[in-house]
Amino acid sequence: TERRQTLATAESCTGGTIAARFTAMPGASAYFLCGVVSYSNASKQTVLGVDPDTLTRYGAVSEQVARQMAEGARRISGADYAVATTGIAGPAGGTAEKPVGTVWIAVAGPRRTVALLKQCGSDRGQIIDRAGAFALGLLRDELNGK
């Protein structure tokens, strides 16, 4: 708020948890522009502009998709920053390469887009909570120039 910068979210596996954390705080309307829950691949493409070829080549749970989700949220909202999550919250859907708890997080800002891979546990609620916390940490680091 002090910097007069704005934020948007694009969430898949966290299902709006990050947006809810921001909007629960008084004064969020001064900086929080919008939150998109793009759970399906189709919504990732049509709402956020994720490239269908990227989804096919790398899968929804990938660094490339997380980056495109964050950049798409930033673009459609006009926000200074956008944070995105895509992962496997379980209990089903995991593979040997991408087990349950695998989450890609990305933050797009004025200077760059960064992404981070995290293993967030095996319990669905724990995965969602941890992924949200890691996303907030990555956003904080970007805001602080780290």
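Every value quoted in this text rests on a predicted model; they were computed, and no experiment measured them. Residue indices begin at 1 and follow the sequence shown.
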Practice problem: Please check if any side-chain donor atom of Ser38 sits under 3.5 Å from a side-chain acceptor atom of Ser12, or the reverse. | Solution: no
Self-check item: Pair Thr102-Gln119, side-chain donor/acceptor within less than 3.5 Å
Solution: yes
Practice problem: State plainly whether one hydrophobic cluster holds both Tyr39 and Val50, where clusters connect Ile, Leu, Val, Met, Phe, Trp and Tyr through side-chain heavy atoms under 4.5 angstrom apart. | Solution: no
Quiz item: In terms of the angle between their ring planes, are Tyr31 and Phe22 parallel, tilted or perpendicular, with boundaries placed at 30° and 60°?
Solution: perpendicular
Quiz item: Side chains of Thr54 and Gln64: donor-acceptor distance under 3.5 Å anywhere?
Solution: no
Self-check item: Interatomic spacing from CG in Leu116 to CG in Leu138 - rounded to 0.5 Å
Solution: 5.5 Å
Quiz item: Quick check: does any side chain N or O of Thr9 sit under 3.5 Å from a backbone N or O of Glu11, one acting as donor and the other as acceptor?
Solution: no
Exercise. Spell out, as yes or no, whether a donor-acceptor pair under 3.5 Å connects the side chain of Gln68 to the backbone of Asp51.
Key: yes
Practice problem: Could you tell me which non-hydrogen atom of Glu142 sits nearest to which non-hydrogen atom of Val107, and how far apart they are? | Solution: CG-CG1, 4.0 Å
Quiz prompt | Gln45 side-chain N/O to Pro52 backbone N/O, donor-acceptor pair under 3.5 Å | solution = no
Practice problem: Sequence neighbours left out, what passes side chain to side chain donor-acceptor pair (under 3.5 Å) with Ser40? Give chain and number order. | Solution: Ser43
Practice problem: Look at Arg67 together with Glu63 and state whether they make a salt bridge at an N to O cut-off of under 4.0 Å. | Solution: yes
Quiz item: Under a 4.5 Å cut-off applied to non-hydrogen side-chain atoms, are Val103 and Leu117 in contact?
Solution: no
Quiz item: Is there a path from Ile76 to Leu7 through hydrophobic residues (I, L, V, M, F, W, Y) whose side chains come within less than 4.5 Å of each other?
Solution: no
